[in-house]
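Here the structure is laid out as structure tokens; the discussion comes afterwards.
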Amino acid sequence: MSRCKNNAVKKLKRTIEQSVDILVEKFPLHLNQEQINLARNLQMEAAKVWNATCNIHRTVYGRHHYWLKEGAIKSLLKGKYDIHSQSVQAVVETYFECCERTAELHKQGGTAWKYPYRRKRFFTVTWKESAITHMGRTLRLSNGRGAEPLMVKLPERLAGAVIHQAQLVWRRNQYWLHVTVEKPALTKVRGDVTAAIDPGEVHAITITEGNDALVISGRLLRSLNRLRNKELCKYQRAISKTKKGSRKRRRLLVKKYRFLNWIERRIEHILHNISTNAVRWCMERNVKTVYIGNPEGVRKKDCGKKHNQRISQWAFGKLRDMLEYKLKRHGIELIPVDERGTSGTCPVCGEYTKQTGRVYRCGNASCGFTGIHRDVLGASGILDKSVNGGFTNGRKLPLMVDYLRPMVLAPQRVA
Ligand SMILES: [Zn+2]
């Protein structure tokens, strides 16, 4: 379902002028039992809307060979459910967005994608602007006239925020609220320098614009990922030994979820730290365009169980998404490119040598170039390949290399 984000936000973006950025903030909800029941009922009601939409859309086509339009289904479902009328519309909009996206993917040849068909028990509830009222730090989310509203306490950072949309999402073991907020636009970049990023595991990010380079360590990230896997494995083993529905299993599950929530918050914190530092570096150097090596090829290759797990836990996608939206706020564009051969091709003679160490070594006996950090060379290679369309022999290499370790300002573990 995460693929089917509601399109209402996209529509908003077009209407609002350039002075603000529209961003999504997420926070967990601390609800009492009564509120949890209400949230659950709301999600089940939204699921009913989804199932009805799906049914009507498919049945009408089956009988009359005609796909009903979004508006027709909206008017059919109007006033029939116990959630806000615009929340009903939002579900229908999500359904049609899913269809649209699937059609697009089919056009591109991805026929494995299915049109929405599955019946749901729960579905994300969306509140649009007219259903949201601020009451100090409390948010009143209306569920239609006469129905009990959902009252939600906002975290301090969002106390006075302008909220355009709110979504009630179930994540792992609790409800979260995703709110679409206005944030002041940030200063846009002035220059037009081009830079390149080589993402990696040991060094999360290596970035260069030709003269300088910045290497941000990914070791802490890696150690946290390892810890996560190790502990998760322990929990899974213990859980598998218990009986279904037993008290022991329930307790273990609670512990497991608490651990996962804690460690994922830490990991996210570090990813934010890394991306923010990279963005700051770009701003200082007036970078307008950033090419980023796409390690998709590395991921698909089968390199044994251990290595595969390591690569899949790399969290590259998350880091790239963060970089993308943060850079975008400054008017910087992030472009993914194929990174094949970039870290092994010699900058002097152009010969490719498979690298094993951290320091680059050219395998060509008559050249023997060495002495540069492999990831810095990789980033410089991506830059060369993207700007000049291929590798230039004897290209200029970055002279200044800064090293940075993400700060450890992690929250204390809650007991
Ligand atoms: Zn060489």
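As the structure lists them, so they are numbered: ligands from 1, and atoms in each ligand from 1.
Formation of a donor-acceptor pair under 3.5 Å by the Y291 side chain with backbone atoms of V337 is not found in this model. A donor-acceptor pair is defined here as one N or O able to donate and one able to accept, closer than 3.5 Å; no such pair exists between the side chain of R137 and the backbone of K153. At distances below 3.5 Å, not a single donor-acceptor pair connects side-chain atoms of K243 with backbone N or O atoms of K248.
Side chain to side chain, E182 and H164 meet the donor-acceptor criterion of an N or O pair below 3.5 Å.
Ring centroid separation for the pair W127 and H84 does not come in under the 6.0 Å cut-off.
For the Zn ion (ligand 1), the neighbouring protein N/O/S atoms at less than 2.8 Å, given as residue and atom, are C346 SG, C349 SG, C362 SG, C367 SG.
Summarising the geometry, atom CD1 belonging to I83 is positioned 11.5 Å from atom CG belonging to N41; distances are rounded to the nearest 0.5 Å.
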